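The model shown is predicted, which means the values in this text are computed figures rather than measured ones. In what follows, chains carry the letters A, B, and so on, assigned in the order in which the sequence lines appear, proteins first and then strands, with residues in each chain numbered from 1.
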Amino acid sequence: MSNTPLSPLILVDGSSYLFRAYHVPYLQALSTADGQPTGAITGVLNMIRSLKKDYPNGNIVVVFDAKGKTFRNDMYPEYKANRPPMPDDLRTQIAPLHEIIVAMGLPLLVIEGVEADDVIGTLAHQATQAGIETVISTGDKDMAQLVNEHVRLINTMTNVEMDVAGVIEKFGIRPDQIIDYLALMGDKVDNIPGVEKCGPKTAVKWLLEHENLDNVIANADKVKGKIGENLRNALEQLPLSYQLATIKLDVELEQSVEQLQPKDPNKAKLTELYKQFELRRLLADLQSGEQPAKEASANDDEDANVVIAPENVDYQIVYTQEQFNHWLELLNKAESFAFDTETTSLDYMKAELVGLSFAIEPGKAAYVPLGHDYQDAPQQLAIDWVLAQLKPLLESTKIAKIGQNLKYDANVLSHYDIKMQGIAFDTMLESYCLNSVATRHNMDALAEKYLDYKTVHFEDIAGKGAKQITFNQIDIDKAGHYAAEDADITLRLHQAIYPKLEKLSGQHSVYREIEMPLLPVLARMEQHGVLIDVDLLAEQSQSIGARLQELEVEAHNIAGQSFNLSSPKQLQKILFEELKIPVIKKTPKGAPSTAEEVLQELALDYPLPKVILENRGLSKLKSTYTDKLPLMVSEKTGRVHTSYQQAVAATGRLSSTDPNLQNIPIRSEEGRKIRHAFIAPTDHKIVAIDYSQIELRIMAHLSDDPGLLAAFSQGKDVHQATAAEIFGVELEQVSSDQRRSAKAINFGLIYGMSAFGLAKQLGIARNQAQQYMDKYFERYPSIHGYMEETRQKATEQGYVETLFGRRLYLPEIKSKNAMRRKGAERAAINAPMQGTAADIIKKAMLAVDQWITEQNDKRIKMIMQVHDELIFEIHQDIVEQVTEQLVEIMNSAVELNVPLIAEAGIGDNWEQAH
DNA sequence: CGGGAGACGTA
DNA sequence: GTACGTCTCCCGC
């Protein structure tokens with residue numbers, strides 16, 4: 001541990017954590033074999049352990065209240081007079097805890113006559129003067145008064161940090177107004193008098209109006225109503241309340257803050273104490289020499305946030321109706337609970353329910369096995385009975401459900417006639433909205449990141465690869481632990497992540513107003529699926545197959561030998577070694593590239609590349625689409641059901657898998673034919689509505705560039721308008737080549753391109769490209785300003801945001817590696833536009849879904865989303881007027897400085913609808 | 001059998 | 001030049 005002056009000072013409010021830990025139910029249960037309670041000890045030590053890990057360079061000092069009266073009792077004899085005496089089973093934990101902390105080598109301060117808060121305040125004050133940053137670890141909100149530029153709070157139980165901005169966000173006032181605020185409200189528990197009926201709202205209102213307590217007092221006669229009367233009645237008391245609420249900054253201490261340094265731990269003493277109090281995990285840590293610092297976290301199989309050792313969790317397997325009814329009662333009484341389904345497949349269309357797990361509080365979970373059917377599996381509750389009991393609960397909007405990827409669970413349950421409601425919190429989306437790039441958002445990764453806990457992995461109990469068994473085959477005891485842990489961890493993840501998310505208003509609103517409401521909408525689209533013409537695809541496969549054979553023969557003839565056309569490696573050998581064709585470009589790994597653009601160029605001079613190109617294009621179409629799609633038709637519905645991934649794309653877009661319906665060909669003639677096979681059912685039409693130039697419109701809006709805004713509001717062809725500006729010609733005089741160049745620039749800007757990139761794209765000289773761009777920025781100066789500002793902001797803040805507050809972190813923006821840094825800069829330019837477009841279409845989907853729900857007409861279905869396009873299936877009798885409505889809803893999904901234009905097409909299939 | 005590389009489909 | 005997913009090949013376990 002570093003002792004340089006730069007090490008932050010970590011002040012631990014031991015007393016506040018002691019009381020909190022004492023009241024945590026699952027810690028209360030802990031005791032030694034002979035009955036000495038150890039829950040509060042465990043809680044405080046775990047918290048210190050977690051702090052050591054979070055602040056590896058931190059200089060930890062632990063402070064406790066001393067016994068007896070303090071100066072506040074002299075000031076006001078009734079101070080804390082209402083407090084009940086400390087319970088015996090807590091009192092007996094204090095001395096051992098102190099002993100352990102001392103043995104750990106940490107400075108421990110217990111100063112008589114003052115409270116721990118005052119000691120902490122004094123040390124923080126001294127540290128600030130000595131130029132040392134301070135983090136105060138406390139659960140006590142009153143400490144917010146100590147926050148300043150160099151002092152912040154961390155609530156280690158919830159992992160929420162609070163700096164000056166955090167205080168303002170949380171309380172609505174500045175840290176230096178907190179004492180005034182506390183004085184106005186008073187404190188029932190500590191018996192501090194305040195203004196009757198004045199709570200946080202009123203206190204903040206007054207302080208925003210009058211700045212401080214003195215001014216509030218001075219203006220007391222102006223306050224109307226009963227509350228004004230209460231204020232005037234309290235006037236005499238308020239100065240005293242202010243004094244009581246003020247944390248002392250000048251306690252006389254024997255040691256200065258610089259002198260409070262950790263000593264080496266006394267291992268022998270610690271071993272003895274850990275043994276005596278049966279603190280097994282700490283003992284194990286000590287003996288293995290593990291420090292809960294960075295390296296340890298990889299091997300650390302327990303939770304550092306709210307630690308529950310595996311032997312202390314209560315996971316029940318529910319076999320009987322009595323047990324089940326007990327849990328049902330608990331769930332019905334709960335405001336919220338975490339739950340998870342266990343099934344036979346990751347494919348929600350094929351999955352069959354094998355069991356359900358629930359958690360109501362951390363460490364306490366149940367698994368209800370329903371479909372384990374291995375040989376000699378124990379008797380389980382009947383699935384129909386269990387689901388009938390649970391249906392009202394799962395469909396209740398009153399009881400909040402917490403889950404990890406609840407879209408999956410909702411889809412599975414819908415096959416059992418349960419329409420889940422009250423889908424309130426999804427930890428996967430919480431993590432995604434908090435930081436889309438920090439981790440993957442699967443539960444195992446989240447548990448490691450946020451709880452420092454290694455979960456039991458599915459592979460651990462089911463095996464992997466071809467030998468993997470399905471959940472119904474897994475021994476119930478093993479499965480039960482795994483499943484109950486899933487629910488438990490989900491609950492704890494929610495408790496760890498959501499408070500962080502709540503603090504960030506933009507990201508929180510994206511979560512609450514976009515992602516969570518979208519979840520059931522996506523579930524419905526997935527569930528409904530898309531109809532495809534299997535016969536048509538089979539025909540196409542056949543004719544493509546025939547052509548591929550011809551091409552293969554031709555290629556072999558040209559090459560003078562047989563080779564695998566779809567092996568880039570073999571092709572490299574033939575082209576660049578055997579035929580001695582010059583290498584134009586290399587792959588990132590340094591191999592000679594055979595990419596499309598290279599072959600296009602080579603095709604001008606040589607015969608083989610042309611054949612390869614046609615072969616490549618067609619074999620991609622065949623293997624990915626015409627062969628594959630028919631295999632993905634569900635036996636149950638006769639339709640194709642994609643999965644929309646809501647927590648994958650860093651920018652906020654959706655992605656689509658199994659199959660990916662967002663990359664169905666459109667550009668090439670042959671490719672487009674595949675869209676013919678996306679059809680509407682009898683008497684229905686396919687309607688495709690897409691946003692026109694949405695990202696460019698967003699660029700105009702975000703940059704507020706007058707030229708671009710005007711082009712859009714006048715309804716001009718924007719690429720043509722851009723070309724006219726760059727090339728200095730009349731709108732009508734723009735050539736198709738000029739328009740093409742302008743279009744490339746417009747798109748390039750969205751991608752954060754350079755002159756180099758533009759030159760390559762247009763096949764022109766670099767200085768020529770630079771001239772185009774200079775001209776562009778001269779004509780649209782605000783765009784230039786916006787780009788520069790975005791780059792700068794990204795570098796300063798380490799993230800960029802969309803119009804609606806979705807945040808994308810760019811860890812590589814400060815990379816020493818120029819290529820990575822430039823890459824991050826381009827992403828920084830692109831993300832606000834791509835991300836805002838994603839936000840907009842998601843909002844449009846919500847509005848559309850709501851409208852469709854209101855119509856209550858089964859003849860209207862939203863079936864696909866492709867980034868800037870929504871695809872519907874609508875009965876022919878109503879298709880015209882419904883389409884008109886949908887366009888209108890999409891156009892008005894959000895309000896920008898430019899018109900938002902959606903364009904619709906109607907047809908018997910997706911190709912026609914374009 | 002799993003996973004990286006290279007290619008290519010979309011917005 | 002942005003953001004994705006899926007295919008085949010092919011190496012290495």
Side-chain angles (χ1 to χ4, degrees), chain A residues 436-437 459 463-468 563-572 585-599 612-613 615-629 632 642-645 648-668 670-672 674-675 690-696 699 744-762 769 773 787 800 808 810 819 822-835 837-838 841 864-869 910:
Chain A
S436 63
V437 289
E459 282 83 11
K464 58 177 186 172
K467 280 175 283 181
Q468 189 169 71
F563 69 102
N564 185 340
L565 276 72
S566 42
S567 165
K569 215 177 165 187
Q570 292 185 32
L571 183 62
Q572 279 160 21
K585 198 187 126 186
K586 296 203 168 173
T587 67
K589 288 269 161 194
S593 168
T594 64
E596 191 198 33
E597 51 166 327
V598 174
L599 297 187
I612 300 292
L613 278 173
N615 177 285
R616 280 228 187 115
L618 289 178
S619 60
K620 177 80 179 176
L621 291 183
K622 185 168 185 288
S623 63
T624 312
Y625 306 108
T626 60
D627 284 354
K628 194 67 196 295
L629 283 173
M632 307 207 68
T642 185
S643 287
Y644 288 104
Q645 306 301 318
V648 168
T651 51
R653 275 190 177 180
L654 297 176
S655 81
S656 157
T657 62
D658 308 302
N660 180 353
L661 296 184
Q662 293 180 323
N663 71 343
I664 302 300
I666 190 167
R667 288 172 194 166
S668 74
E670 322 83 84
R672 199 156 39 230
I674 291 165
R675 294 193 173 214
D690 69 317
Y691 280 119
S692 149
Q693 311 284 13
I694 187 162
E695 290 184 9
L696 271 181
M699 182 166 85
I745 296 179
N746 279 330
F747 274 101
L749 287 167
I750 294 172
Y751 297 151
M753 99 186 147
S754 59
F756 179 78
L758 180 66
K760 217 170 93 190
Q761 170 76 23
L762 290 176
M773 283 181 68
M787 300 281 167
V800 289
L808 174 69
L810 300 151
M819 214 170 72
K822 290 282 174 197
E825 283 179 14
R826 290 192 295 270
I829 299 285
N830 177 255
M833 293 183 266
Q834 188 181 123
I841 196 153
M864 284 190 275
Q865 189 253 41
V866 190
H867 308 310
D868 65 358
E869 175 184 11
W910 195 5

**Request:** Just call it for A/Leu654: base, sugar-phosphate, or nothing, with non-hydrogen atoms closer than 4.0 Å on any strand.
**Result:** nothing

**Prompt:** What residues, two or more places apart in sequence or in another chain, satisfy side chain to side chain donor-acceptor pair (under 3.5 Å) together with A/Gln645?
**Reply:** A/Thr657

**Message:** Heavy atoms only, 4.0 Å cut-off, all strands: where does A/Leu749 land among base, sugar-phosphate and nothing?
**Reply:** nothing

**Residue-level proximity of residues 619-629 of chain A to DNA chain C when a heavy atom falls under 4.0 Å** = A/Lys620, A/Ser623, A/Thr624, A/Lys628

**Message:** Classify A/Glu596 by what it touches in the nucleic acid, base, sugar-phosphate, or nothing, heavy-atom distance under 4.0 Å.
**Reply:** sugar-phosphate

**Request:** Could you check whether A/Phe756 gets within reach of a base, just the sugar-phosphate, or nothing at all, counting any heavy atom under 4.0 Å?
**Result:** sugar-phosphate

**Message:** Going by the rule side chain to side chain contact (heavy atoms under 4.5 Å, CB included), which residues pair with A/Met864 if we only count those two or more places apart in sequence or in a different chain?
**Reply:** A/Val530, A/Tyr644, A/Leu661, A/Phe678, A/Ile871, A/Trp910

**Asked** Which is the 5'-most and which the 3'-most nucleotide of DNA chain B that has an atom under 4.0 Å from a heavy atom of chain A?
**Response** B/dC1 to B/dA11

**Prompt:** Is A/Asp658 touching bases, backbone alone, or none of the nucleic acid, heavy atoms closer than 4.0 Å?
**Reply:** sugar-phosphate

**Message:** Taking side chain to side chain contact (heavy atoms under 4.5 Å, CB included) as the definition, give me every residue that meets it alongside A/Lys822, ordered by chain and number, with sequence neighbours left out.
**Reply:** A/Glu825, A/Arg826

**Prompt:** Base, sugar-phosphate, or nothing: which does A/Arg653 touch, judged by heavy atoms less than 4.0 Å apart?
**Reply:** base

**Request:** Would you check if there is a donor-acceptor pair between the side chains of A/Gln834 and A/Thr651 at a distance under 3.5 Å?
**Result:** yes

**Message:** Base, sugar-phosphate or nothing for A/Lys464? Non-hydrogen atoms, less than 4.0 Å.
**Reply:** nothing

**Request:** Using the side chain to side chain donor-acceptor pair (under 3.5 Å) rule, collect all pairs that involve residues 745-755 of chain A, keeping only residues at least two apart or in two chains.
**Result:** A/His719-A/Asn746, A/Thr722-A/Asn746, A/Asn746-A/Tyr776

**Complete:** The reported gap from CZ in A/Arg675 to CD1 in A/Ile666 (rounded to nearest 0.5 angstrom) is 4.0 Å

**Message:** Just to be sure I understand the rule, does A/Ala838 reach a base, reach only the sugar-phosphate, or reach nothing, if contact means heavy atoms closer than 4.0 Å?
**Reply:** nothing

**Message:** Restricting to side chain to side chain contact (heavy atoms under 4.5 Å, CB included), what partner residues turn up for A/Ala595, sequence neighbours left out?
**Reply:** A/Ser593

**Message:** Students often get this wrong, so: under 4.0 angstrom with heavy atoms, is A/Ala831 touching a base, only sugar-phosphate, or nothing?
**Reply:** nothing

**Which residues share a side chain to side chain contact (heavy atoms under 4.5 Å, CB included) with A/Ala827, sequence neighbours left out** = A/Leu810

**Fill in**
With sequence neighbours left out, the residues meeting salt bridge (charged side-chain N to carboxylate O under 4.0 Å, His left out) with A/Lys622 are A/Asp627

**Prompt:** Just checking, is any N or O donor in the side chain of A/Thr642 or A/Ser656 under 3.5 Å from an acceptor N or O on the other one?
**Reply:** yes

**Request:** Could you check whether A/Gln761 gets within reach of a base, just the sugar-phosphate, or nothing at all, counting any heavy atom under 4.0 Å?
**Result:** base

**Prompt:** What does A/Arg616 touch in the nucleic acid at a heavy-atom separation under 4.0 angstrom: a base, only the sugar-phosphate, or nothing?
**Reply:** sugar-phosphate

**Asked** Residues two or more places apart in sequence or in another chain: which of them pass side chain to side chain donor-acceptor pair (under 3.5 Å) with A/Ser655?
**Response** none

**Complete:** Across all chains, not counting sequence neighbours, the salt bridge (charged side-chain N to carboxylate O under 4.0 Å, His left out) partners of A/Glu597 are A/Lys585

**Complete:** Span of DNA chain C engaged by chain A, first through last nucleotide within the 4.0 Å heavy-atom cut-off, is C/dG1 to C/dC11

**Prompt:** With sugar-phosphate meaning primed atoms plus P, OP1 and OP2, does A/Gly465 contact a base, only sugar-phosphate, or nothing at under 4.0 Å between heavy atoms?
**Reply:** sugar-phosphate

